[in-house]
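Below, chains carry the letters A, B, ... as their sequence lines are ordered, and counting in each starts from 1. Fair warning: this is a prediction, and the values are worked out from it, not measured in the lab.
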Amino acid sequence: EAQVTQNPRYLITVTGKKLTVTCSQNMNHEYMSWYRQDPGLGLRQIYYSMNVEVTDKGDVPEGYKVSRKEKRNFPLILESPSPNQTSLYFCASSFRGPTSGNEKLFFGSGTQLSVL
Amino acid sequence: GDSVTQMEGPVTLSEEAFLTINCTYTATGYPSLFWYVQYPGEGLQLLLKATKADDKGSNKGFEATYRKETTSFHLEKGSVQVSDSAVYFCALSDRGGSYIPTFGRGTSLIVHP
């Protein structure tokens with residue numbers, strides 16, 4: 001089954017404790033991205049990747065890191081989490097990315113992060 | 001820059017009522033337009049799309065027409081069901097520009113039996 005898998009589904013941590021949220025897709029997609037969803041703000045893109053070893057900032061990259069060492073995986077790293085990073089996070093992928101004009105995004109089920 | 005504006009929610013309807021969720025956009029290039037739906041506890045999934053002016057996207061009884069003259073892509077359904085209760089996001093991808101798709105803030109729909 002074609003899917004985007006995120007883990008964990010729920011995560012509670014404390015300020016400053018490094019964490020990683022994993023994302024994997026099995027569709028051989030070139031484009032992957034991370035979003036955060038906050039009430040009243042909708043979805044905002046954090047980082048995206050056009051292919052292996054190619055990553056770039058989205059709208060809200062501060063406090064986050066990503067890597068794309070393999071095509072299928074795109075982990076999101078919070079080196080020193082803070083309470084303002086409490087949010088619902090989504091990973092998404094598509095075959096070639098939004099500049100092709102009609103690329104459908106496939107989303108994971110989300111990771112609810114709480115930073116105390 | 002590109003932007004998408006959706007009507008504020010929640011929209012509350014009775015089953016079998018007519019639904020309209022308004023969406024307008026601004027874009028510098030030649031956008032494709034999308035509606036995504038997010039059911040409770042799940043990620044977003046594509047509902048329908050339109051890639052050029054006057055195209056109509058449709059799926060599961062939902063429709064939206066790409067109106068370049070009014071820069072709009074309103075979502076409609078003739079008879080909603082309880083199972084349509086979800087959050088709906090309007091979005092655009094600008095083929096002439098950014099690698100970053102732009103999403104609206106989402107509109108929550110609640111359908112009562």
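No single ILVMFWY cluster, assembled from side-chain heavy atoms under 4.5 Å apart, contains both A/F95 and A/M50. There is no path of hydrophobic side-chain contacts, each under 4.5 Å, that joins A/L76 to A/Y48. Cluster membership for A/M32 and B/F34, using ILVMFWY side-chain heavy atoms within less than 4.5 angstrom, is not shared. Cluster membership check: A/F107 does not share its hydrophobic cluster with A/L11, using side-chain heavy-atom separations under 4.5 Å among Ile, Leu, Val, Met, Phe, Trp and Tyr. Put simply, A/Y89 and A/L43 are part of two different groups of oily side chains (I, L, V, M, F, W, Y) that touch within less than 4.5 Å, one to the next.
With rounding to the nearest 0.5 angstrom, the CZ atom of A/R44 is 13.5 Å from the OG1 atom of B/T102. Note: B/F103 CZ to A/Q45 CD = 8.5 Å, rounded to the nearest 0.5 Å.
In this structure, B/L44 and A/F106 have side chains that are not in contact, with every pair of non-hydrogen atoms separated by 4.5 Å or more. Counting heavy atoms from C-beta on, the side chains of A/Q37 and B/F89 come closer than 4.5 Å. Put simply, the side chain of B/Y36 reaches to within 4.5 Å of the side chain of A/L105, judged on heavy atoms.
Closest approach of A/F90 to B/G43, counting heavy atoms only: CE2-CA, 3.4 Å. Residues B/E42 and A/R9 come closest through the heavy atom pair N-NH2, 4.3 Å.
For CD of B/E16, the number of neighbouring non-hydrogen atoms (other residues, nucleotides, ligands) closer than 6.0 Å is 12 at most. Open room surrounds CD1 on A/I12; 12 or fewer heavy atoms of other groups in view lie less than 6.0 Å from it. Atom CD of B/E8 has 12 or fewer heavy atoms from other residues, nucleotides or ligands within 6.0 Å.
Within residues 104-113 of chain B, the residues that have a heavy atom under 4.5 Å from a heavy atom of chain A are B/G104, B/R105, listed by number. For residues 58-72 of chain A, a heavy-atom distance under 4.5 Å to chain B picks out A/G58, A/D59, given by residue number.
Interface remark: A/Y35 contributes side-chain atoms only to the contact with chain B (heavy atom separation under 4.5 Å).
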